[in-house]
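Remember, it's a predicted structure, so these values are computed and weren't measured experimentally. All ligand and atom numbering here is 1-based and tracks the order in the structure. Start at 1 with the first residue, then count along the sequence.
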Amino acid sequence: MRARDRVEILGVFVDRVNLAGAAARVKGFVDESRAGGGSGGRLVVTPNPEMLHAARRDEELARLINRADLAVPDGTGVVLASRVLGAPLSDRVAGFDLLLELFRLADEGHWRVFLLGTYPETVAEAARRVALDHPGLELVGFHDGYFSPGDVPALVEEIRAARPDLLVAALGSPKQEKWLAEHLAATGAAVGIGVGGSLDVLAGRARRAPAAFRRLRLEWLYRLVREPRRARRILGALPRFVWAVIIERFRQ
Ligand code: UDP
């Protein structure tokens, strides 16, 4: 296997990949697992500045990002930080774009896909739309993300019985990453990916930033204005993340 090209940002490693490269890696994991060669249970994470900031205080999160099989730079803030630190990433890979690309590959390759997360009606609607838009993709199951610890063994068994190639976990960060790190192997899925609020967007319950914002790399700004609850969280974390990057730059 080709050595991974990774960039360190404040103690956390992120892969230097673009969207096509990231999707190709995931396809490689699925192909390998289907061929019976791989170990399966490949973990894909999509760190954004908020998650990188959280990882500075949450050692478990930092460890599992570093241990993940693929960590894509989700957001312009991550790319900018890498530039300041002198090990530039080429481009960001928005988690939602990666998910759409994976659905496209799933459609082509007849992957089995399981959706986990958000509210019962929302995940059902997301599943309906994904299956409708991708006739070649096998939507083998879905489950909401509001389960108790006691429900986990049955849930893991339900996923295992569905034999997914791709397990899409939308439980919010860091819950989804920690859940996958603990249970992915037991589910038997070839690949597990944490995708935050993406199922809400797929189901039409939340809106993505308009194309103009995305082109200008200002998706984060749109979300700040649209989601005040989130804004407080991000505005708390972002300056501290930027500050930590600047301090690190001067320490180098
Ligand atoms: N969620 C869930 N179970 C939980 C907590 C959250 O399924 O116990 C879902 C929630 O409904 C939403 C997603 O996880 O769909 C979190 O979205 P958000 O955009 O807040 O995640 P982020 O990308 O910021 O981590």
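- Applying salt bridge (charged side-chain N to carboxylate O under 4.0 Å, His left out) to Asp58 and the options Lys175, Arg63, Lys178 leaves one that passes, Lys178.
- Here the protein heavy atom with the shortest distance to atom 3 (N) of ligand 1 is Gly145 O, 2.7 Å.
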Next item on the list: Could you go through the side-chain contact (heavy atoms from CB on, under 4.5 Å) check for Glu248 and Leu10 one step at a time?
Entry: CA-CA 7 Å; Glu248 180 60 28; Leu10 306 176; 3.7 Å; yes
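- Ligand 1 places these atoms under 4.0 Å from at least one heavy atom of Gly172: 13 (C), 14 (O), 16 (C), 21 (O), 25 (O).
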Note to self: Under the criterion side-chain contact (heavy atoms from CB on, under 4.5 Å), I'd like the reasoning laid out for Leu43 against Arg67: C-alpha separation, chi angles, the key distance, then a yes or no.
What the structure shows: CA-CA 8 Å; Leu43 176 62; Arg67 222 167 25 104; 6.0 Å; no
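- Among all non-hydrogen protein atoms, the one lying nearest atom 23 (O) of ligand 1 is Gly196 CA, 3.3 Å.
- Counting heavy atoms closer than 4.0 Å to ligand 1, residue Lys175 contributes side-chain atoms (C-beta onward) but none from N, CA, C or O.
- Counting atoms of ligand 1 from 1 in the listed order, those under 4.0 Å from a heavy atom of Gly197 are 17 (O), 18 (P), 19 (O), 21 (O), 23 (O).
- Side-chain contact check for Thr118 and Asp200: at least one donor-acceptor pair (N or O, by modelled atom type) lies under 3.5 Å.
- No N or O atom of Glu50 sits closer than 3.5 Å to an N or O atom of ligand 1.
- When hydrophobic clusters are built by joining Ile, Leu, Val, Met, Phe, Trp and Tyr residues whose side-chain heavy atoms come closer than 4.5 Å, directly or via intermediates, Val14 is grouped together with Leu85.
- Under a 4.0 Å heavy-atom criterion, Arg223 is in contact with ligand 1.
- Listed by number with element, the atoms of ligand 1 under 4.0 Å from a non-hydrogen atom of Ser173 are 25 (O).
- When only non-hydrogen protein atoms are considered, atom 19 (O) of ligand 1 lies nearest to Arg230 NH1, 3.3 Å.
- Between the OG1 atom in Thr46 and the CZ atom in Arg92 there is a gap of 12.5 Å [rounded to 0.5 Å].
- Checking only distances, Arg229 never comes within under 3.5 Å of ligand 1, N or O to N or O.
- Distances between N or O atoms of Gly117 and those of ligand 1 include no value under 3.5 Å.
- Between Thr118 and ligand 1, at least one pair of N/O atoms sits closer than 3.5 Å.
- At under 3.5 Å, a nitrogen or oxygen of Tyr146, whether backbone or side chain, sits near a nitrogen or oxygen of ligand 1.
- Shortest non-hydrogen contact noted between Val30 and Ala190 is CA-CB, 4.4 Å.
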Next item on the list: Show the numbers, then the answer: is there a side-chain contact (heavy atoms from CB on, under 4.5 Å) between Leu184 and Thr187?
Entry: CA-CA 5 Å; Leu184 180 58; Thr187 67; 3.8 Å; yes
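- Summary of contacts: the protein heavy atom closest to atom 9 (C) of ligand 1 is Ala170 O, 3.5 Å.
- The closest approach between any non-hydrogen atom of Leu171 and ligand 1 is below 4.0 Å.
- The hydrophobic cluster containing Val44 does not contain Phe13, counting ILVMFWY residues as joined when their side-chain heavy atoms lie under 4.5 angstrom apart, directly or transitively.
- From the protein, the heavy atom lying nearest to atom 12 (C) of ligand 1 is Asp200 OD2, 3.3 Å.
- Between Lys27 and Asp31 there is a salt bridge, with a side-chain nitrogen of the basic residue lying less than 4.0 Å from a carboxylate oxygen of the acidic one.
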